[in-house]
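Report on the following structure.
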Amino acid sequence: MDTIRTDVIGALVAAVPGLTAERARELLTAPPDSAMGDFAFPTFAVRDRFDNAPPPAVARQLAAAIRKPASVARIEATGPYVNFFAEPAVLARTVLESARAAGARWGATDLGQGRTVVIDFSSPNIAKPLGIAHLRSTVIGNAIRNLHAFCGWKTIGVNHLGDWGTNFGKLLSAWEKWGSEESLKERGVEFLKDLLVRFTEAERADPAFRQQARDWFRRLESGDPEAKKVWQHFRDISLAEFRRVYSLLGIEFDSWSGESAYVDRMAGAIAELEARGLCSESQGAYVVDLTAHGFKEPFLLRKADDASLYGTRDLAAILYRRRDLGARALVYVVAADQKLHFRQLFKVAELLGVDVEPVHVEFGLMRIVNAEGVREKMATRKGTIVLLHDVLQAAIERVHEIIADREWDAARKSRVAHQVGIGAVIFNDLSRTRTRDIDFNLQQMLDFDPETKAFKGETGPYLQYTHARLSSALRKYGKEPPASVDFTLLTTDEDRAVLRQIGRFPDIIRDATTRYEPSLLSRALIDLCGEVNRFWRNQRILSDDAALTDARILLVQTARRTLRTGLDLLGIEAPEEM
RNA sequence: GUCCCCGUAGCUCAGUUGGAUAGAGCGGUGGUUUCCUAAACCGCAGGUCGCGCGUUCGAAUCGCGCCGGGGACACCA
């Protein structure tokens, strides 16, 4: 694809006075429809070189004047654009040969050059169940981690657990009053959540509770063995439950260092701030004043009661990740409602002169439509929480219904149900633009047609199904496709459309990575599959014509590998049969 | 009150960072399987791009002002 693009740019530079190759590369786009060509050059951008003639006239003039490179079949003026049609056989050869040469790394660009990036994602709070709201950070973060690793970054995926803070004072205090080892064993995190909710309610009625919670948190912060022991127990129980869900999702972390890991580093971070004269007292709290930097509110380091705050732990974590882990970039995959916090945090890090590039990859809130039909943010204490585990199980169950009458053994059914059900849930999230809010709707998430018993439309299963189809054709072909085929046989509209989608892949990967936007990849895969399925429908792959079969099977193999790589990066399994 | 995000077909969403006739999926409706997986493919119907003004050769996209939804605004994370 790139070699043809370079040819087109060369021809344009020769024909347009004063046009540089760089500028031409910027301007050259793709037409909205492959029937209109493979490259499009907009003439309004160079109108001034042609006496400000109307763009369509410039397009016609240029189309006639440009010397056609060998890799270009046709040049056409369409409205204000000059459209270039790649020589189909050259298109086929360039795309398929570069994909083959790249192998499993097809689509990758070395953006990271071995640098380290810490990606902070999922990060649930201990003693609260994993809700559906945690899905977003978890799957978006995982995809971003995969994309960065694919593009040459050394990635460290951190689950920055919320395992410290004032809430633990409440929890320890509640445990002291109403704790029951038996209930804990039986109901796990759910019981801890109930304790917390009960305590929060009691606290509203009786302010004495507040002081007790403070005392417990102080004990915990000062290393009291009893407090620490109970805390550790709660943490272990929470983690065991979290791991079950992560394992369903197929997601792993390189580190589970949560907030508690930075407790001992807070003093050092504060000392550095003090050394630069950045700290002050305000309303009894210890803060960094940021009014000189456009913030109304200060960044809080310690509460008036001397207890630590999460911002300070976050700051200590930045120092650790930069200095001890060698991170050059820090990515925080956290909902948009914490935007202000991260702006402040990054500013404070900057004031400390930390040489690192921090990014808050924000995403829209998962809202729930409550009983009165009003959308609102989900909250554990309002009881408006939908358990992530339940949603995943529901998805798996749904697929079980679909494949019930397949003649497969139970293990296979269960494997496919898992792959497809989880894939549906993950893709549902990753196919949307990050920043949009989502109204949680299980019905819609698992939308399927009860008549035909099938998922429909732009879904994870659609991608997986396409992958299974391609896999099936390759299985039937039964051998490794030849390295070289007759590329002049791959010139139908369907061939070209599939080749075009495959050819876009490296650009897509690069954009999705640098913009932290997995949905770009999701949608590109939808486009790829659309073309693949049209191709599948309209032409026969395996036929008596050996040369044609070889050529098409190479296209099929390349399409499948591209799709497979894309699904891997999104964290979605690619079944060979379904 | 201040600031941030969002508003595109009945529903859910794209729209390549200002360009071609605003596109998909679902739902509706009609069709496609002697053949590699029909969880697929094709046709039809469906639009005041929230409203107004402005910038521009050109605006869904940029600016300003309204309207509507969501969120943030120091001792929670």
Side-chain angles (χ1 to χ4, degrees), chain A residues 29-33 36 40 42 44-45 47 52 54-56 78-81 83 123 125 128 162 164-167 170 259 282-287 295-305 307 309-311 313-314 334-341 343-344 362 364-365 367 374-377 399 402-403 420 428 431-433 435-439 441 444 447-449 452-459 461-462 464-466 468-477 504 507-508 511 515 519-520 523 526-527 529-530 532-534 536-538 540-543 549 552-553 556 577-578:
Chain A
T29 61
D33 185 337
M36 299 169 82
F44 14 76
R47 210 152 73 101
N52 283 312
T78 312
Y81 286 87
N83 290 342
S123 307
N125 294 327
K128 289 183 188 177
W164 205 256
T166 322
N167 262 348
K170 294 183 187 182
E259 293 189 53
S282 173
Q283 300 173 26
Y286 203 47
V287 307
F295 292 92
K296 273 190 308 205
E297 318 298 351
F299 183 74
L300 272 79
L301 297 167
R302 271 200 304 261
K303 308 205 299 185
D305 66 9
L309 283 163
Y310 80 123
R313 295 188 282 278
D314 275 350
V334 179
D337 57 359
Q338 289 199 50
K339 194 169 186 157
L340 177 61
H341 166 68
R343 285 185 46 224
Q344 290 184 320
E362 64 190 85
L365 266 47
R367 296 177 302 199
V374 177
R375 22 179 91 130
E376 60 182 17
K377 193 172 152 180
V399 181
I402 293 173
I403 60 172
V420 176
N428 177 264
S431 60
R432 302 157 185 265
T433 304
T435 48
R436 289 181 81 111
D437 291 345
I438 299 182
D439 292 336
N441 185 335
Q444 186 188 308
D447 190 24
F448 90 132
D449 184 339
T452 59
K453 289 235 184 155
F455 280 96
K456 304 201 70 174
E458 301 174 337
T459 61
Y462 175 73
Q464 293 172 317
Y465 173 71
T466 308
R469 276 183 144 182
L470 297 175
S471 303
S472 164
L474 286 161
R475 248 190 335 267
K476 292 233 157 83
Y477 180 77
R504 287 170 69 204
D507 285 348
I508 297 293
D511 288 352
R515 289 167 56 183
S519 70
L520 294 176
R523 286 194 288 265
I526 288 286
D527 292 343
C529 289
V532 164
N533 284 314
R534 262 182 287 282
W536 184 280
R537 171 75 194 183
N538 294 334
R540 181 103 205 131
I541 296 159
L542 307 171
S543 67
T549 300
R552 287 184 174 163
I553 209 75
V556 164
E577 294 174 274
M578 63 183 269

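Computed from a predicted structure; not experimentally measured. Below, chain A is the first sequence line, B the second, and so on; all start at residue 1. Just so it is clear, the values below take in all heavy atoms, side chains as well, and ignore hydrogens, waters and symmetry mates.
Nucleic acid contact for A:Leu542: base, since at least one base atom lies under 4.0 Å from a heavy atom of the residue. Within 4.0 Å (heavy atoms only), A:Pro32 reaches at least one base atom of the nucleic acid. Contact annotation for A:Arg313: backbone-only contact, meaning every heavy-atom pair under 4.0 Å involves sugar-phosphate atoms and none involves a base. Looking at heavy-atom distances under 4.0 Å, A:Ser123 makes no contact with the nucleic acid at all. Residue contacts for A:Pro55: at a heavy-atom cut-off of 4.0 Å it reaches no nucleic acid atom on any strand shown. Counting any heavy atom pair closer than 4.0 Å across all strands shown, A:Ala45 reaches no nucleic acid atom. Using a 4.0 Å heavy-atom criterion, one finds that A:Gln464 contacts no nucleic acid atom at all. Residue A:Pro298 is in base contact, counting any heavy-atom pair closer than 4.0 Å across all strands shown. Heavy atoms of A:Glu577 sit under 4.0 angstrom from at least one base atom. Here A:Leu300 lies in heavy-atom contact (under 4.0 Å) with a base. Within the 4.0 angstrom heavy-atom criterion, only backbone atoms of the sugar-phosphate kind lie near A:Gly165; the bases stay farther away. Among the protein residues, A:Asp314 comes within range of no part of the nucleic acid, since none of its heavy atoms lies under 4.0 Å from any strand. Contacts of A:Thr166 with the nucleic acid, taken as non-hydrogen atoms under 4.0 Å apart, involve only primed sugar atoms and P, OP1 or OP2. Residue-level contact check: A:Ala468 touches the bases, meaning some heavy atom is under 4.0 Å from a base atom.
In a base pair of the Watson-Crick type (N1 to N3 plus N6-O4 or O6-N4) or a G-U wobble (N1-O2 and O6-N3), with each distance short of 3.5 Å, B:G65 is matched with B:C51. With a cut-off of 3.5 Å on both Watson-Crick or G-U wobble distances, the partner of B:G28 is given as B:C44. When Watson-Crick and G-U wobble pairs are counted only if both distances are under 3.5 Å, B:G23 pairs with B:C13. The pairing partner recorded for B:A72 is B:U2, the criterion being a Watson-Crick or G-U wobble arrangement whose two distances lie under 3.5 angstrom.
The distance between atom CD of A:Gln338 and atom C1' of B:C73, rounded to the nearest whole Å, is 14 Å. Rounding to whole angstrom units, NE2 of residue A:His341 and P of B:C4 are separated by 20 Å. Rounded to whole Å, the distance from CZ on A:Arg504 to P on B:G15 is 12 Å. Note: NZ (A:Lys296) to C1' (B:C3) measures 7 Å, nearest angstrom. Rounded to whole angstrom, the span from the CG atom of A:Asn533 across to the P atom of B:C42 amounts to 9 Å. Atom CD of A:Gln344 is separated from atom C1' of B:A74 by 8 Å (rounded to the nearest Å). The distance from atom CG of A:Asp439 to atom P of B:G71 is 11 Å, rounded to the nearest whole Å. Whole-Å rounding puts the A:Arg436 CZ to B:U12 P distance at 9 Å.
Between the side chain of A:Arg537 and the base of B:U32 there is at least one donor-acceptor pair of N/O atoms closer than 3.5 Å. Between the side chain of A:Arg432 and the base of B:C13, no donor-acceptor pair of N or O atoms lies under 3.5 Å. A donor and an acceptor atom never sit less than 3.5 Å apart when one is taken from the side chain of A:Thr433 and the other from the base of B:A14.
Counting heavy atoms of neighbouring residues, nucleotides and ligands inside a 6.0 Å radius, atom CZ of A:Arg343 does not exceed 12 of them.
For B:C41, one of the phosphate oxygens OP1 or OP2 lies less than 4.0 angstrom from a side-chain nitrogen or oxygen of A:Tyr462.
A distance below 6.0 Å separates the ring centres of A:Phe44 and A:Tyr81.
Aromatic stacking is marked for A:Tyr81 over B:A20, as both cut-offs hold: 5.5 Å for the centres and 30° for the planes. Applying the 5.5 angstrom centroid cut-off and the 30 degree plane-angle cut-off, the aromatic ring of A:Phe44 is stacked upon the base of B:G19.
What you find for A:Gly165 and A:Arg313 is that their closest heavy atoms are CA-NH2, 3.7 Å. Here the closest heavy-atom approach between residue A:Gln344 and residue A:Glu297 is recorded as NE2-O, 3.0 Å. The two residues A:Arg504 and A:Asp527 come nearest to each other via the heavy atoms NH1-OD2, 3.6 Å. In terms of heavy-atom proximity, A:Asn83 sits nearest to A:Met36 at ND2-O, 3.1 Å.
For A:Glu297, taking side-chain heavy atoms from C-beta onward, the closest of the listed nucleotides B:A20, B:A39, B:C73 is B:C73.
Distance check: A:Asn533 CG to A:Tyr462 OH gives 4.0 Å after rounding to the nearest 0.5 Å.
B:U17 has its base syn relative to the sugar, with a glycosidic angle deviating from 0 by at most 90°.
Two residues are said to be in side-chain contact when any heavy atoms from C-beta on lie closer than 4.5 Å; A:Thr433 and A:Arg523 meet this criterion.
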